[in-house]
Number of protein chains: 2
Amino acid sequence: MSTATPTSRSLADAFTAKGLRLTAQRRVLLEIIESATSHLDAAGLLQLARDRDARINRATVYRTLEILKKLGLIDELDLMHLNGEKHYYEIRTGRDHIHLACFECGRIEEYESPVFDQLKQEIAQKQGFSIGVVRMEVGGRCSICVRANSREQ
Amino acid sequence: MSTATPTSRSLADAFTAKGLRLTAQRRVLLEIIESATSHLDAAGLLQLARDRDARINRATVYRTLEILKKLGLIDELDLMHLNGEKHYYEIRTGRDHIHLACFECGRIEEYESPVFDQLKQEIAQKQGFSIGVVRMEVGGRCSICVRANSREQ
DNA sequence: ATTAATGCAAAGGATTTGCAATACC
DNA sequence: GGTATTGCAAATCCTTTGCATTAAT
């Protein structure tokens, strides 16, 4: 969920372009992040990384995530703290989106809209705010859960 | 930053209406939250409460915040984690707003817009999502900081 | 009087840090 | 070879919990 489209093709490219060393650990972490199909938290990322290379340490995971965040290559999500205070991460694509978190079933939906883009533009223009990161999260009940218990309050 | 306008006049009223006991500690906490001019974190709230009544314990602060959150009377903010992972709280007013966090000077601006309201409506209608809480936070540089260092990138 | 709410102190989860050892460029 | 990066283990920050005590209704 961001604003500028990353220019490099891969995270590894961005690392070397910045003069950062491409260690074995980083290679593994970047690949996992790039191919992730779901929102990963630090512990999950560590686990997946260790499945490939047992040497990887938790501190390295956090340090790598920190770099990626600062470079604007990943976004950090809270997902409405549905499962504790940990953070989730996703690679930044060209299209920002909103995360809808269902308090009932726990599902996370992604939603994008021209109105969302319009809102960001408006903030930049009317407020003169130079947007770096945007995070919009909505908590409530997804359509499935709403329909399922329409009889209950 | 929410969706429904609270119906009760005061937080204390809401507590008694729900059959919750109005203890001395809660009275103090609710008053502070109601009259707060800035975004409070749990530690700040505890400090202000202790200034009035030294007996108040941290656990009580957290437990009270939890209740208020569940009742939808306050909103929980991250403010882009500008100052660590703690949460900030603000009383829910009728008008939802976006928080703009300046990474440079740390200032938090509040922004509201019909486009924001339109976006929420759209999410509810098109996605069929029953919205309980909305949190939108934007990180970047405020207009003052942008102007101040217009020569630097 | 009953039971919710509190204080205390300890536990918990997530993340960060200092520093010596390692490995990339 | 020089320096960035890592692993380790401890520290830190924020928040939560169990349980005996207190106080609101």
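Just so it is clear, the model here is predicted, and its values are computed rather than measured. Quick note on labels: first sequence line is chain A, next is B, and so on, each numbered from 1.
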Taken to the nearest whole Å, CD1/I67(A) to P/dT16(C) is 12 Å

What is the distance from CD of E85(B) to P of dT15(D), rounded to the nearest Å? 9 Å

Any donor-acceptor pair under 3.5 Å linking the side chain of E34(A) with the backbone of L11(A)? yes

Distance below 4.0 Å between Q25(A) side-chain N/O and dA23(C) OP1 or OP2: no

Below 4.0 Å: OP1/OP2 of dT15(C) and any side-chain N or O of H87(A): yes

Let me know the distance between CZ of F15(B) and P of dA24(D), rounded to the nearest Å. 15 Å

N57(B) side chain N/O closer than 4.0 Å to the phosphate oxygens (OP1, OP2) of dT6(C)? no

Scan R58(A) against the nucleic acid and name what it touches under 4.0 Å (heavy atoms): base, sugar-phosphate only, or nothing. base

Does a nitrogen or oxygen in the side chain of R63(B) sit under 4.0 Å from OP1 or OP2 of dT16(D)? no

L46(A) has an atom CG; how far is it from atom P of dA14(C), in whole Å? 12 Å

Y62(A) has an atom OH; how far is it from atom P of dA14(C), in whole Å? 7 Å

Examine L30(A) and Y62(A) and state if one hydrophobic cluster contains both, with Ile, Leu, Val, Met, Phe, Trp and Tyr joined whenever side-chain heavy atoms are less than 4.5 Å apart. no

Taking for each residue the nucleotide of DNA chain C with the nearest heavy atom, is it R50(B) or L20(B) whose nucleotide lies nearer the 5' end? L20(B)

If you compare all heavy atoms of D41(A) against all heavy atoms of G44(A), which two are closest, and at what distance to 0.1 Å? OD1-N, 2.6 Å

Reading DNA chain D from 5' onward, which residue's closest nucleotide shows up sooner: N83(B) or A59(B)? N83(B)

Which is more 5' along DNA chain D, the nucleotide nearest K86(B) or the one nearest T64(A)? Just name the residue. T64(A)

Any donor-acceptor pair under 3.5 Å from R135(B) side chain to L77(B) backbone: no

Mind calculating the distance between CZ (R21(B)) and C1' (dA1(C)) to the nearest angstrom? 11 Å

Could you tell me the separation between the CD1 atom of I56(B) and the P atom of dT22(D), rounded to a whole number of Å? 18 Å

Expressed in angstrom and rounded to an integer, what is the separation of L45(A) atom CG from dA14(C) atom C1'? 14 Å

Does OP1 or OP2 of dT5(D) have a side-chain N or O of T23(A) closer than 4.0 Å? no

Please work out if A42(B) contacts a base, only the sugar-phosphate, or nothing of the nucleic acid, heavy-atom cut-off 4.0 Å. sugar-phosphate

Can you establish whether the number of heavy atoms outside R58(A) located under 6.0 Å from its atom CZ is more than 12? no

Between R55(B) and T16(A), just flag the one whose closest nucleotide in DNA chain C comes earlier from the 5' side. R55(B)

